[in-house]
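Read through the structure below, which is laid out as structure tokens, and then see the notes.
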Amino acid sequence: MFKTFDILVRVPQTQTNPRVHTLEENGNMNVVAIVILSRGKCGLSTCTTRYLVAMAAADLLTVVTAVILWRIKSYYFQWSFLDITPVCLVIDVLRCTATNCSVWFTVTFTFDRFVVICCQKLKTKYCTGKTAAVVLTTIGVLFCLKNVPRYFTRQPRVIIDNVPWFCKVMDSYFTDPRWVGYDWFDTVLIPFLPFAGILLPNALTVRHILVASRVRKGLKGQSMGENRSDPEMESRRRSVILLFTLSGSFILLWMTLVVNFIYYHVSGEGFSFNDSECIFIYVGVLLSDFSCCTNTFIYGVTQSKFREQMISAVKYSVPSVLHFINKAAS
């Protein structure tokens with residue numbers, strides 16, 4: 001995906017970028033989600049809670065690295081130490097690692113929900129807090145190692161007084177077979193393989209739920225017109241709503257970059273800053289950044305206990321803040 005992201009040269013801006021403020025606010029919401037979910041009072045299992053906390057943490061890191069450290073300095077901190085080439089390279093590695101983890105934590109959560117609903121024998125062994133911790137840690141370590149080579153794919157854009165500034169992709173990256181292979185490997189991992197890792201389990205989950213729903217309705221006599229509540233199916237319904245909302249949001253927000261990648265390689269055309277393709281790329285990057293900021297809002301919409309905990313936190317914190325302000329003013 002280098003060809004997509006490296007065209008987005010950070011051009012100095014003099015006006016405030018509303019997108020930056022929006023993503024910063026969403027980063028704050030991720031902090032709220034981490035705090036609320038970590039308390040374990042949302043009625044979720046330990047396994048589910050760990051996945052959701054990890055997703056929120058990865059989303060927060062993505063906002064910090066990809067938005068604040070990678071893009072916001074173009075608007076407010078031009079020619080700062082963050083633009084020195086070694087620092088720029090480290091930020092780029094951290095940015096890609098955070099984004100990769102955010103995406104793949106969503107995939108692992110999708111697979112976990114698939115096992116819970118469709119694989120009852122495997123559920124007791126796989127869907128545990130210990131397994132979730134091992135899976136999440138393994139993914140984090142692997143993607144840290146996978147993105148280390150990115151540090152060696154860029155070079156200074158300009159050298160002033162023997163100080164290297166900014167970073168750009170080396171020309172050999174697009175011709176050396178090893179780097180070309182690495183680029184394709186990176187593209188397969190993000191986002192093509194995650195698309196398959198989300199769509200396939202979801203399709204199997206839907207099929208299983210439809211079959212199980214018909215069977216349970218038949219056993220409970222609901223097919224005869226009776227209207228009885230079914231706690232098991234209601235629990236599955238809530239779980240599926242959360243699962244489909246999270247995975248559906250990911251697919252929709254990453255779809256633009258996927259279409260752009262396919263178009264670029266099929267057409268073989270380049271991009272300039274004056275054509276519609278460039279605008280299409282900017283929109284795709286914007287949406288992919290937002291995909292790391294939507295989970296908190298999804299929790300609030302789909303999980304009633306999460307909303308209750310958030311409302312409770314607001315009711316507790318607002319009077320405390322007002323009391324502190326009044327005390328400081330006096």
Side-chain angles (χ1 to χ4, degrees), residues 1 27 29-42 44-67 69-70 89-119 121-151 182 185-198 200-202 239 242-243 246-247 249-250 254 288 291-296 298-299 306:
M1 299 295 284
M29 291 301 297
N30 282 321
V31 175
V32 174
I34 293 172
V35 173
I36 293 177
L37 291 169
S38 299
R39 297 179 63 189
K41 296 183 179 181
C42 294
L44 302 172
S45 65
T46 303
C47 178
T48 301
T49 299
R50 288 187 176 180
Y51 278 114
L52 294 180
V53 170
M55 291 165 63
D59 292 346
L60 176 62
L61 290 176
T62 301
V63 172
V64 172
T65 56
V67 178
L69 296 181
W70 187 254
L89 294 173
V90 171
I91 293 175
D92 182 48
V93 172
L94 294 176
R95 172 181 68 90
C96 293
T97 302
T99 303
N100 293 169
C101 288
S102 176
V103 171
W104 274 93
F105 287 169
T106 303
V107 176
T108 55
F109 175 71
T110 302
F111 181 75
D112 177 79
R113 294 299 89 192
F114 164 75
V115 173
V116 168
I117 296 174
C118 303
C119 307
K121 293 182 179 180
L122 182 61
K123 173 182 175 181
T124 55
K125 295 182 179 179
Y126 181 81
C127 301
T128 63
K130 182 178 180 180
T131 301
V134 171
V135 170
L136 294 170
T137 302
T138 302
I139 289 176
V141 172
L142 289 178
F143 278 108
C144 284
L145 297 176
K146 171 256 179 187
N147 285 298
V148 168
R150 291 181 65 93
Y151 188 93
Y182 177 82
F185 174 70
D186 184 56
T187 304
V188 170
L189 283 179
I190 305 290
F192 283 98
L193 195 56
F195 265 53
I198 288 176
L200 181 59
N202 280 349
S239 179
L242 175 60
L243 170 64
L246 288 174
S247 56
S249 171
F250 166 78
W254 277 87
S288 66
S291 71
C292 298
C293 307
T294 56
N295 289 341
T296 303
I298 292 174
Y299 304 150
F306 182 88

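Since we're looking at a predicted model, the values are computed, not measured. Computation of the quantities below employed the complete heavy-atom set of this structure, encompassing side-chain atoms and omitting hydrogens, waters and symmetry-equivalent molecules.
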Nearest heavy-atom neighbours spanning [X] and [Y]:
X    : Y    : result
T65  : A98  : OG1-CB, 3.9 Å
P201 : A196 : CD-O, 3.7 Å
V93  : R150 : CG2-CB, 4.3 Å

4.5 Å side-chain heavy-atom contact, [X] and [Y]:
X    : Y    : result
Y51  : T48  : no
C127 : D112 : yes
L189 : N100 : no
W254 : V103 : yes

Measuring from atom [atom1] of [X] to atom [atom2] of [Y], what distance do you get when rounded to the nearest 0.5 angstrom?
X    : Y    : atom1 : atom2 : result
I190 : F185 : CD1   : CZ    : 10.0 Å
R113 : C47  : CZ    : SG    : 6.0 Å
T99  : L94  : OG1   : CG    : 10.5 Å
C144 : I139 : SG    : CD1   : 12.0 Å
R95  : L61  : CZ    : CG    : 14.0 Å

N/O donor-acceptor pair under 3.5 Å between [X] side chain and [Y] backbone:
X    : Y    : answer
T108 : W104 : yes
R50  : G129 : yes
D186 : Y182 : no

Verify the distance criterion only: is there a donor paired with an acceptor across the side chains of T49 and T46 at less than 3.5 Å?
no

Only one of D59, T62, T97 forms a side chain to side chain donor-acceptor pair (under 3.5 Å) with S102, so which one is it?
D59

Evaluate the criterion ring pair (Phe, Tyr, Trp, His ring centres under 6.0 Å) for residue pair Y126 and F111; output intermediate values, then yes/no.
CA-CA 10 Å; Y126 181 81; F111 181 75; 5.5 Å; yes

Before giving the answer on side-chain contact (heavy atoms from CB on, under 4.5 Å), spell out for N147 and C96 the whole-Å C-alpha distance, their side-chain angles and the decisive distance to 0.1 Å.
CA-CA 7 Å; N147 285 298; C96 293; 3.5 Å; yes

Using the ring centroid of each side chain, check whether F109 and F114 are separated by less than 6.0 Å.
no

